[in-house]
Structures are given as structure tokens and as C-alpha cells.
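Below you'll find the structure, written out as C-alpha cells, and then a few comments.
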Number of protein chains: 2
Amino acid sequence: MTTMTAARRRQEAKAEFDAYMDECPTHRLRGIIGNKWSSMILLRLEDGPRRYADLGRALPGVSAKMLTQTLRSLERDGFVARSVTPTVPVQVEYTLTVLGERLIPLLDAVRQWADRHMGEVDEARAHYDATRT
Amino acid sequence: MTTMTAARRRQEAKAEFDAYMDECPTHRLRGIIGNKWSSMILLRLEDGPRRYADLGRALPGVSAKMLTQTLRSLERDGFVARSVTPTVPVQVEYTLTVLGERLIPLLDAVRQWADRHMGEVDEARAHYDATRT
DNA sequence: CTGCATCCCATGTGATACTG
DNA sequence: CAGTATCACATGGGATGCAG
């Protein structure tokens, strides 16, 4: 029994840690702003409401599937609100919620850091790649 | 020919946009801080240098592979420095670079936002899930 | 117009076993 | 101690076609 203890303890620690990670607010937030389209969409909504196809045109790289999927996810998390106008054909408008607006400054902070320092990252990368052939 | 124009134009716009995305500093930074272990490692290094196994113990959920891989990536991007002491057995120490230290405040900003607002996200999520059975 | 369903591939992540 | 190598798997993301 005693021989198993070390491995056993590590396993339990890992399980605990994994559970913690699932709860960890920071980790979850990173999951949100880390995905490919969330931030882009939020930033596009900063200037006011936008319709579905409108957003699609503003983000030429996005597929309909990802646009819908990301929008749903943002809606579920309370960052955007969705309102349908039952005309024919229907109009669907997406708006930033208060919570969504509060996220904008953070997104801007990320953007600013990137603008200021990603050049250094490029240099570091070039140097790293160069020094080992 | 003219019938193809619309689709054609969209394709070109997409290609352009994709190229832009690859360059976009913000998007690249999100790729860095968005991955599972980068931020955690950087935050652990905040208090001073750490050795490989030491980091591993501080992050019970990480596999050796991911620890190495993430560390390599952070080193390449210039966020951490790796120094080897050729004793027997060898010692490898990881330290935050100046660039890495400059990233910490941003990471903290993310953490703070998460601590303050993820509760609201949970509520929104619960409400969303509840309202559509 | 807005969105869902399906299929498919690339990538990220992890478990395990092995090495200088 | 500090990795490397290999295999396996889940997820993210995209293309296409259909529907209300």
C-alpha cells in the first residue's frame, strides 16, 4: 500500500487541480476571449447594434456556422443581446449588453499591449529561430 | 464571367482578411495567452525563477509534454529565459524576461476582470439555460 | 435573411514509455 | 532531473447544403 502512495497522491492532486481549473474564473474568461471570433465580434458591436449579415460582412473570414455559434455563446454568457423583428424576411439584431460593454476596456487593453509589444515578440522569435539553425 | 463576380469578390475579401488575421498582433497575442498553460506558467514565474520540476509541481494538472512545449513556446516568444546549470543531474531554471514581466499586468487585468464579473456570466448562463428548458 | 445539420480535417492536449 | 517520442483523442473550425 505504501508503495502506491506517491503516485496516488499525485493523482489526487491532479484531480483536485483539474476541478479547480474548471471553476477558475480566469481560465474560463480566457476560454471566452481566446477563441477566434468572440473578441472580433464584440469589438464590432462597440459602435452600436448590428444585424447578422452585417456582422458577417464586417468579418469576411468567418463562416456562417462560426458566426452563429459564437453569437450564441456570447448571448448565453450575457455579453450580447439578440432581438428579432418578425418582418419578412426576419431581421435579427445583436447588441452589446452592459456586461459586454464592461468587457470592451479589457479587450482594448489586450489590443494595446499587442500593438506595443508584439514587435518584440517577433524579434525574439526571429532570434530564437536563427540561433539554432 | 459577370455571374461569378460576387462569389469571387467574397473569396478575395476572405483571403485578404485571413492574411490580415495572421498578421494581426491582437489575434496573435490572444493565441498566446489563450492557450491552456501559458498564463499559469507566467504567473507562477512572477515571484522569481523556478526549476522545471518545481513548475510541474506547482501546476499539478500539466503533463511533462505540455510543460515542455509551453515553456519552449514562451521562450521562443521572448517571455521567459532558460538557463542550464551543467551539474549532475542538470538543473534548468526558467526566469521571466523583461518582456515577460511587462505582460504580467495584462494577465492580472484579465484575472481581475474575471474575479469581478464571471459571477454575472454564470447568472446569464443559468438564465439562458433555464428560459429554453 | 437567418440559421441549423452534416461531414471532415487540423490542431491542441494528454497518457505512456523511453533517454542523456 | 529534464526532457523526447509516439500514439490516441477531443475539440475547434470550416465547407456545403437545406429550411423557416
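A, B, ... follow the sequence lines: proteins, then strands. Residue 1 opens every chain. Owing to the predicted nature of the structure, the values given are computational and were not obtained by experimental measurement.
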Let me know the distance between [atom1] of [X] and [atom2] of [N], rounded to the nearest Å.
{"X": "R30(B)", "N": "dG12(D)", "atom1": "CZ", "atom2": "P", "value": "15 Å"}
{"X": "L59(A)", "N": "dG14(D)", "atom1": "CG", "atom2": "C1'", "value": "15 Å"}
{"X": "N35(A)", "N": "dT11(D)", "atom1": "CG", "atom2": "C1'", "value": "12 Å"}

What are the atom names and distances for every N/O pair under 3.5 Å that joins the protein to nucleotides 1-9 of chain D?
residue: dC1(D); atom: O3'; partner: R51(B); partner atom: NH2; Å: 3.1
residue: dA2(D); atom: OP1; partner: R51(B); partner atom: NE; Å: 3.2
residue: dA2(D); atom: OP1; partner: R51(B); partner atom: NH2; Å: 3.3
residue: dA2(D); atom: OP1; partner: V92(B); partner atom: N; Å: 3.2
residue: dA2(D); atom: OP2; partner: A53(B); partner atom: N; Å: 3.0
residue: dG3(D); atom: OP1; partner: R72(B); partner atom: NH2; Å: 3.2
residue: dG3(D); atom: OP1; partner: R82(B); partner atom: NE; Å: 3.4
residue: dG3(D); atom: OP1; partner: R82(B); partner atom: NH2; Å: 2.6
residue: dG3(D); atom: OP2; partner: Y94(B); partner atom: OH; Å: 2.7

Side-chain polar contacts of residues 104-116 of chain A - donor-acceptor pairs under 3.5 angstrom, sequence neighbours left out - could you list them?
residue: D108(A); atom: OD1; partner: R111(A); partner atom: NE; Å: 3.3
residue: D108(A); atom: OD1; partner: R111(A); partner atom: NH2; Å: 2.4
residue: Q112(A); atom: OE1; partner: R116(A); partner atom: NH2; Å: 3.3
residue: W113(A); atom: NE1; partner: R102(B); partner atom: O; Å: 3.0

Got L74(A) and S38(A) here, is their nearest side-chain heavy-atom distance under 4.5 Å? yes
Counting C-beta onward and ignoring hydrogens, is there a side-chain heavy-atom pair between R82(B) and E93(B) closer than 4.5 Å? no
When rounded to the nearest 0.5 Å, the distance separating OG1 of T97(A) from CD of E75(A) is 10.5 Å
Using a heavy-atom cut-off of 4.0 Å to chain B, what are the terminal contacting nucleotides of DNA chain C, in 5' to 3' order?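 For DNA chain C, the relevant span reads dT13(C) to dA15(C).
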Note: R76(B)-D129(A) ion pair, threshold 4.0 Å (strictly below): yes
Basic-acidic side-chain contact under 4.0 Å: D122(A), R28(B): yes
Could you check whether Y52(B) and T68(B), counting side-chain N and O atoms only, form a donor-acceptor pair closer than 3.5 Å?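 Side-chain D/A pair, T68(B) to Y52(B): present.
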Chi angles and distances behind the side chain to side chain contact (heavy atoms under 4.5 Å, CB included) call for V62(B), I41(B): CA-CA 10 Å; V62(B) 75; I41(B) 292 179; over 6 Å; no
